[in-house]
Every structure is written in C-alpha cells, then in structure tokens.
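Residue indices begin at 1 and follow the sequence shown. The structure presented is a predicted model; accordingly, all values stated were derived computationally and were not measured.
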Amino acid sequence: MSTPITLNLPDEVYQQAERLAQLQHRSVAEILAETIELLLLPTTKPVSALSDSEVIALTQLRLPPIQEQRLTELLDLQQSGTIALTERDELQALIHIYEDRLLRQAQALNEAVRRGLLEPLKG
C-alpha cells in the first residue's frame with residue numbers, strides 16, 4: 001500500500017534525484033520514495049524487535065546492483081580527481097545509503113549471533 005503526497009523540495013535536491021533517476025533509468029518518484037524509505041524504515045523498528053527471518057534477511061542486506069555499480073564508478077572518479085561537483089553530491093548520498101545499510105547489517109549480525117541463529121565470526 002502507498003499513500004500519494006505532494007511536497008516541495010529544494011531545487012538542488014530535485015535535480016540530484018532527477019540525475020540519479022536518469023542514470024538508473026527510473027522515475028524521480030521511484031528514486032525519492034526509495035530514498036525516503038531507506039532513511040526512515042530502519043528507524044521504525046529496532047533489530048531486536050524483528051522476527052528471526054527478518055534478522056537473517058537483514059544480515060544479507062546489500063545495495064541494489066545498480067547503486068553498487070554507480071558507487072564504484074563515483075569512487076573511481078573521486079580517486080582519479082575527475083569527479084564533478086554534481087557527482088560528488090551523488091557520491092555523498094550513495095555513501096550515506098551504503099553506511100546506513102552497513103550499520104543495519106552489522107546490527108542484524110549481532111542480533112543473529114545473540115539469538116543463536118548464526119555462529120560468531122571467527123577471527
């Protein structure tokens with residue numbers, strides 16, 4: 001289920017979403033909805049409140065392949081010193097998404113070990 005809304009965005013935010021949508025061959029609405037979902041859903045339910053299957057699913061959390069590929073491309077551009085200002089903004093947004101997912105995955109791994117769903121990592 002989804003609820004239609006209307007909101008006003010700063011021009012820069014909309015332009016960044018529009019660029020990302022073009023790169024991913026998706027609509028701006030899809031990009032904005034996914035971004036909002038990624039940023040808000042992790043805060044709605046703590047990992048400890050999830051079911052075992054949800055915790056296990058979170059341990060496998062990854063960026064969608066197209067975002068992972070774009071992140072790699074942007075990191076390469078940054079490394080070579082040829083990244084444009086707009087690409088730098090896009091890189092920061094993708095890094096934020098990546099870090100949030102990595103944190104959520106780490107929390108899920110910790111919870112899975114605590115519940116005995118997974119063996120502790122051996123190091």
Side-chain angles (χ1 to χ4, degrees):
M1 177 186 255
S2 63
T3 304
I5 65 162
T6 302
L7 61 122
N8 295 315
L9 296 172
D11 290 340
E12 306 83 46
V13 171
Y14 181 82
Q15 290 165 358
Q16 186 174 352
E18 190 173 43
R19 281 191 299 276
L20 190 56
Q22 288 171 351
L23 289 168
Q24 295 184 6
H25 306 290
R26 298 170 62 199
S27 72
V28 172
E30 288 174 322
I31 295 296
L32 291 173
E34 180 181 272
T35 301
I36 292 168
E37 182 180 354
L38 287 170
L39 292 175
L40 295 180
L41 281 185
T43 63
T44 60
K45 209 175 196 186
V47 174
S48 61
L50 299 176
S51 70
D52 288 354
S53 61
E54 289 172 315
V55 169
I56 293 298
L58 276 179
T59 67
Q60 305 301 315
L61 193 60
R62 302 285 186 271
L63 284 176
I66 196 158
Q67 284 184 336
E68 195 171 300
Q69 178 184 349
R70 184 63 179 157
L71 178 59
T72 299
E73 291 168 2
L74 292 169
L75 287 170
D76 289 345
L77 289 172
Q78 182 181 44
Q79 182 70 25
S80 68
T82 59
I83 192 167
L85 186 58
T86 55
E87 291 171 325
R88 195 171 292 142
D89 292 340
E90 183 184 353
L91 175 60
Q92 289 304 317
L94 284 172
I95 286 174
H96 182 74
I97 292 168
Y98 174 79
E99 288 173 342
D100 283 347
R101 285 184 175 227
L102 193 59
L103 175 61
R104 191 75 166 159
Q105 181 185 37
Q107 292 169 336
L109 285 165
N110 184 56
E111 184 67 17
V113 169
R114 189 187 69 74
R115 292 183 190 184
L117 304 172
L118 294 175
E119 291 292 319
L121 297 175
K122 306 232 189 298

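Side chains of L91 and I95 form a contact here, defined as non-hydrogen atoms less than 4.5 Å apart. Under the 4.5 Å side-chain criterion, counting only non-hydrogen atoms from C-beta, E87 is in contact with R70. Within the 4.5 Å cutoff, the side chain of Q78 has heavy atoms near those of the L75 side chain. Here the side chains of R101 and Q105 are not in contact, with every heavy-atom distance at 4.5 Å or above.
Linking ILVMFWY side-chain heavy atoms closer than 4.5 Å, directly or via other members, places L94 and L61 in two distinct hydrophobic clusters. Linking ILVMFWY side-chain heavy atoms closer than 4.5 Å, directly or via other members, places I97 and L23 in two distinct hydrophobic clusters. No continuous path of ILVMFWY side-chain contacts below 4.5 Å connects L58 to L102, so the two sit in separate hydrophobic clusters.
Smallest separation of non-hydrogen atoms from S80 and L77: OG-O, 3.0 Å. Residues L63 and E68 approach most closely at O-OE1, 3.9 Å, considering heavy atoms. Here the closest non-hydrogen pair linking Q16 and A93 is NE2-CB, 3.5 Å. Closest approach of A108 and V55 over heavy atoms only: O-CG1, 3.4 Å.
Atoms CG and CG, on N110 and L121 in that order, are 10.0 Å from each other to the nearest 0.5 Å. Here the straight-line distance linking atom CZ of R19 with atom CG of D89 works out to 7.0 Å at 0.5 Å rounding. For the atom pair H25 NE2 and I66 CD1, the distance stands at 6.5 Å (nearest 0.5 Å).
Through chains of ILVMFWY side-chain contacts below 4.5 Å, I31 is grouped with L20. Its side chain outside the 4.5 Å cluster rule for every partner, L85 clusters with none of the Ile, Leu, Val, Met, Phe, Trp and Tyr residues. Hydrophobic cluster of V13: the remaining members, joined at side-chain heavy-atom separations below 4.5 Å, are I5, L7, L9, Y14, V28, L32, listed by chain and number.
Taking E54 as the reference, K45, L50, S51 meet the side chain to side chain contact (heavy atoms under 4.5 Å, CB included) condition, with sequence neighbours excluded. Residues satisfying the salt bridge (charged side-chain N to carboxylate O under 4.0 Å, His left out) criterion with E111, sequence neighbours excluded, are R114, R115. For E18, the salt bridge (charged side-chain N to carboxylate O under 4.0 Å, His left out) test picks out no residue, with sequence neighbours left out.
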